[in-house]
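Written below as structure tokens is the structure these notes are about.
Residue numbers begin at 1 in each chain, while the letters A, B, ... track the order of the sequences. The shown structure was predicted, so the numbers you read here are calculated from the model rather than taken from an experiment.
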There are 2 protein chains.
Amino acid sequence: MNIASKKPSVQDRRSRDMRAKICNATVACLDQLGYAETTFAKVQAKAGISRGAITHHFPTKQALVAATAMRLLDNAQTPIWNRGRPPPPVYELIMSSWANIVNSSGGRAIVEILVACRTDTALFGLLEQSLRDWDRSNLDLISGQYVSVTGSREDTDLLWSIARNFLRGLLLHEKFVSSPEYLTQMMDRFARMMESQLQVLPETQIQIEDAE
Amino acid sequence: MNIASKKPSVQDRRSRDMRAKICNATVACLDQLGYAETTFAKVQAKAGISRGAITHHFPTKQALVAATAMRLLDNAQTPIWNRGRPPPPVYELIMSSWANIVNSSGGRAIVEILVACRTDTALFGLLEQSLRDWDRSNLDLISGQYVSVTGSREDTDLLWSIARNFLRGLLLHEKFVSSPEYLTQMMDRFARMMESQLQVLPETQIQIEDAE
DNA sequence: CTTTACAGACCGACTGTTCTGTTTTTATGA
DNA sequence: TCATAAAAACAGAACAGTCGGTCTGTAAAG
């Protein structure tokens with residue numbers, strides 16, 4: 001509430017580093033082992049730390065995964081064109097979102113978490129609001145740079161929502177696709193279909209921000 | 001190989017009924033509890049049978065889930081218009097696929113299984129070929145009734161593949177959608193977009209089959 | 001001297017699997 | 001047709017291993 005983050009004390013820093021190390025190991029476990037097999041023991045081994053370190057920072061498995069999810073969402077929040085450059089064409093944005101965000105270790109971990117949320121009520125309770133908020137702000141960030149053929153902002157939102165869900169669904173199907181080329185063709189076909197409905201806002205006013 | 005299925009003996013029938021009861025309970029567990037929490041104990045309780053009955057028919061958890069998946073796929077193979085009626089318009093097919101197939105207990109169970117396959121190599125090995133085959137034959141079944149604006153069969157396949165992946169992805173997002181209406185709007189928008197790319201084959205020749 | 005950050009032992013509950021009985025069905029052979 | 005052995009369909013106990021969570025101990029920071 002106040003003018004927070006006054007002193008980055010030694011303990012604060014140690015804590016923060018340890019939490020980062022734990023969450024990174026958790027992402028790797030979620031990606032490689034899935035939510036169920038992501039246990040305290042596995043995370044501990046992967047991070048090369050002790051059991052107590054984990055339980056000290058994250059009392060329950062749900063707390064650990066929820067914290068990991070928040071961290072992943074923060075990373076995924078910043079879009080690809082954040083360097084002050086103009087937003088990429090629709091086709092390029094969709095292609096790079098797949099390669100760099102959805103089909104990455106973090107993206108696969110997020111999907112594991114989303115699936116777990118469906119049946120793990122404790123985890124769902126911890127993440128519901130955050131995920132809704134992220135959804136909203138991420139949509140604002142992207143939809144602000146594109147416009148649909150209908151010209152309506154709601155339609156732009158809908159189209160990007162559709163894109164996100166398609167990419168996530170593709171992740172489930174990836175291991176069963178008939179050939180790698182077919183996956184590329186699906187991506188291409190979808191991106192071209194979206195391209196016919198969306199385009200970069202012409203009069204884009206680039207917001208200059210102090211980087212870092 | 002031969003003129004199989006000569007005698008549906010008493011044991012065969014008992015076996016078949018028991019397997020059906022077990023798999024139905026497994027579907028319910030997968031839907032309500034997720035793959036990880038779908039244990040022998042839970043399935044046993046849900047089906048109201050003994051522990052031995054399950055392990056007799058399905059030696060491992062992966063075998064149980066794989067058999068359940070096959071059963072679900074068989075049910076989902078028959079499309080919605082199978083009563084000799086002509087295929088529905090693209091919009092209606094997409095809408096009813098969501099409501100009756102993807103977002104059903106069986107559809108949710110399938111998604112749980114697909115996610116599990118990503119990290120459970122034993123399960124993946126049991127299901128890989130079957131899932132590929134189902135994918136192919138299901139695509140043949142549907143794509144045979146529709147034609148894309150490009151006129152190419154490959155494009156029709158791609159478009160229906162896209163639809164399937166979108167619907168599955170939507171399942172992951174469902175609990176975090178801002179409002180039920182928004183989900184309806186996404187469905188509507190996607191279906192209209194597909195409608196602009198696909199239509200029912202005009203010269204559909206209906207195959208007459210002796211029904212049951 | 002208090003609090004925090006970690007280390008690691010400990011615990012009951014539950015997991016998937018194996019195992020041994022018991023009942024029911026089937027095959028056999030006279 | 002009917003006794004009987006073999007096989008299949010179940011029932012349920014037993015087991016070693018792992019799970020998430022708790023608990024005490026120790027060193028460093030405040």
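- Contact annotation: H57(A) does not reach the phosphate of dA5(C) (side-chain N/O to OP1 or OP2, under 4.0 Å).
- Between the CD1 atom of I142(B) and the CZ atom of R164(B) there is a distance of 7.0 Å, given to the nearest 0.5 Å.
- Between H56(A) and dA7(C) there is no side-chain polar atom (N or O) within less than 4.0 angstrom of OP1 or OP2.
- Listed by residue number, there are no residues of residues 114-122 of chain A with a heavy-atom contact under 4.0 Å to DNA chain D.
- Put simply, CD1 on I54(B) is 10 Å from P on dG16(C), counting in whole angstrom units.
- Considering only residues two or more places apart in sequence or on other chains, D31(B) meets the salt bridge (Lys or Arg N to Asp or Glu O under 4.0 Å) condition with R118(A), R108(B).
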Salt bridge (Lys or Arg N to Asp or Glu O under 4.0 Å) between D157(B) and R136(B): does it pass, once the steps are laid out? CA-CA 9 Å; D157(B) 277 357; R136(B) 183 67 261 154; 3.0 Å; yes

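- For the residue pair Y35(B)/T119(A), the side-chain donor-acceptor check at 3.5 Å is not satisfied.
- Going from atom CZ of F40(A) over to atom P of dT22(D) covers 10 Å, rounded to whole Å.
- Between the side chains of S9(B) and D12(B), at least one donor N or O lies within less than 3.5 Å of an accepting N or O.
- For F124(B), the ring-ring contact (aromatic ring centres under 6.0 Å, His included) criterion is met by F176(A), not counting sequence neighbours.
- Going from atom CD of Q44(A) over to atom P of dG8(C) covers 9 Å, rounded to whole Å.
- Here CD1 of I94(B) is found 4.5 Å from CE of M194(B). Values are rounded to the nearest 0.5 Å.
- Among residues two or more places apart in sequence or in another chain, the salt bridge (Lys or Arg N to Asp or Glu O under 4.0 Å) test is passed with D120(B) by none.
- Listed pair S9(B) / dT26(C) meets the phosphate criterion, a side-chain N or O lying under 4.0 Å from OP1 or OP2.
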Listing time: all N or O pairs from protein to nucleotides 12-14 of chain D that are below 3.5 Å?
residue : atom : partner : partner atom : Å
dG12(D) : N7   : G52(B)  : N            : 3.2

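- With a 6.0 Å radius and a threshold of 12 heavy atoms from other residues, nucleotides or ligands, K21(A) has its NZ atom at or below the threshold.
- For the contact set between residues 13-31 of chain B and DNA chain D, defined by any heavy atom under 4.0 Å, the members are R14(B), S15(B), M18(B).
- Side-chain atoms of S105(B) never come within 3.5 Å of backbone atoms of A28(B) as a donor-acceptor pair (strictly under, hydrogens ignored).
- Here T60(B) does not reach the OP1 or OP2 of dG16(C): none of its side-chain N or O atoms lies under 4.0 Å away.
- Per the geometry, NZ belonging to K42(B) stands 9 Å off C1' belonging to dC14(C), to the nearest Å.
- Between L131(B) atom CG and L114(B) atom CG the span is 6.0 Å, to the nearest 0.5 Å.
- Put simply, CG on D12(B) is 13 Å from P on dT25(C), counting in whole angstrom units.
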